[in-house]
Amino acid sequence: QMQLVESGGGSVQAGGSLRLSCAKSGYIYSSYCLAWVRQAPGKEREGVATIRSDGSTRYTDSVKGRFTVSQDNAKIIVYLQMNSLNPEDTAMYYCAASPLCSWRQEDFASWGQGTQVTVSS
């Protein structure tokens with residue numbers, strides 16, 4: 001069975017950086033995108049980034065220029081480098097296997113457990 005495990009969350013001051021990791025295990029079809037989504041209390045779940053196996057990426061407008069999604073050469077670990085963090089980035093961050101490369105929860109084939117990111121003013 002496929003599994004996704006996030007790590008790298010923590011608490012940082014505004015303007016700081018964090019790098020999240022998503023480790024894949026089990027069989028995940030190489031055609032699936034890896035999606036990063038986040039959810040803050042009282043807010044709807046929001047797509048953050050996606051990466052395809054060919055390395056192509058997309059981002060939600062609020063993180064463009066600040067966040068970068070990438071993967072290792074073996075495509076076992078996907079990273080989310082987060083720079084210039086602000087309090088609005090505070091959320092639980094999840095990675096998900098997305099067969100349609102969408103941010104739609106209904107489309108996700110697998111979820112990680114999430115990792116908390118907290119950004120203080």
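For the pair E6/Q113, a side-chain contact is recorded, criterion being any heavy-atom separation below 4.5 Å from C-beta on. A heavy-atom distance below 4.5 Å is found between the side chains of M82 and L80. With contacts defined as side-chain heavy-atom distances shorter than 4.5 Å, the pair Q81/L18 does not qualify. Here the side chains of W36 and T50 are not in contact, with every heavy-atom distance at 4.5 Å or above. Between V37 and W111 there is a side-chain heavy-atom pair separated by less than 4.5 Å. At least one side-chain heavy atom of R52 sits under 4.5 Å from a side-chain heavy atom of C101. The closest side-chain heavy-atom distance from L34 to V69 is not below 4.5 Å.
Shortest non-hydrogen contact noted between A14 and P87 is CB-CD, 4.2 Å. Annotation for T90 and A40: closest pair O-CB, 3.4 Å, computed over non-hydrogen atoms. The two residues M92 and G114 come nearest to each other via the heavy atoms SD-C, 3.7 Å.
A cation-pi geometry, defined here as NZ or CZ lying under 6.0 Å from the six-membered ring centre and within 45° of its normal, holds between R58 and W103. A cation-pi contact links R45 to Y94, judged by a cut-off of 6.0 Å to the six-membered ring centre and 45° from its axis.
Here the OG atom belonging to S110 is positioned 10.0 Å from the OH atom belonging to Y32, to the nearest 0.5 angstrom. Atom-to-atom distance recorded for D72:CG and S21:OG is 9.5 Å, nearest 0.5 angstrom. The structure places CD of Q71 at 7.0 Å from OG of S53, a figure rounded to the nearest 0.5 Å. With values rounded to the nearest 0.5 angstrom, C22 atom SG is found 11.0 Å from I51 atom CD1.
Counting only distance, with no hydrogens or angles, the side chain of K24 and the backbone of Q3 share no donor-acceptor pair below 3.5 Å. Looking at T60, its side chain never comes within 3.5 Å of a backbone N or O of V48 through a donor-acceptor pair.
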**OP:** List the steps, then state whether side chain to side chain contact (heavy atoms under 4.5 Å, CB included) holds for L20 with V78.
**Re:** CA-CA 8 Å; L20 306 184; V78 175; over 6 Å; no
Original post:
Does the side chain to side chain contact (heavy atoms under 4.5 Å, CB included) test come out yes or no for Y79 and I77, once each step is laid out?
Top reply: CA-CA 7 Å; Y79 304 99; I77 304 174; 3.5 Å; yes
**OP:** Run the numbers on Q13 and V119 for side chain to side chain contact (heavy atoms under 4.5 Å, CB included), then give the verdict.
**Re:** CA-CA 5 Å; Q13 292 184 320; V119 185; over 6 Å; no
Subject >> Test side chain to side chain contact (heavy atoms under 4.5 Å, CB included) applied to L85 and N83, step by step >> reply: CA-CA 5 Å; L85 286 163; N83 298 326; over 6 Å; no
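Within a 6.0 Å radius of CZ in R66, more than 12 heavy atoms belonging to other residues, nucleotides or ligands are found.
Between the side chains of Y93 and R38, a donor-acceptor pair is found at a separation under 3.5 Å. No hydrogens or angles considered: nothing links the side chains of S98 and D107 as a donor-acceptor pair under 3.5 Å.
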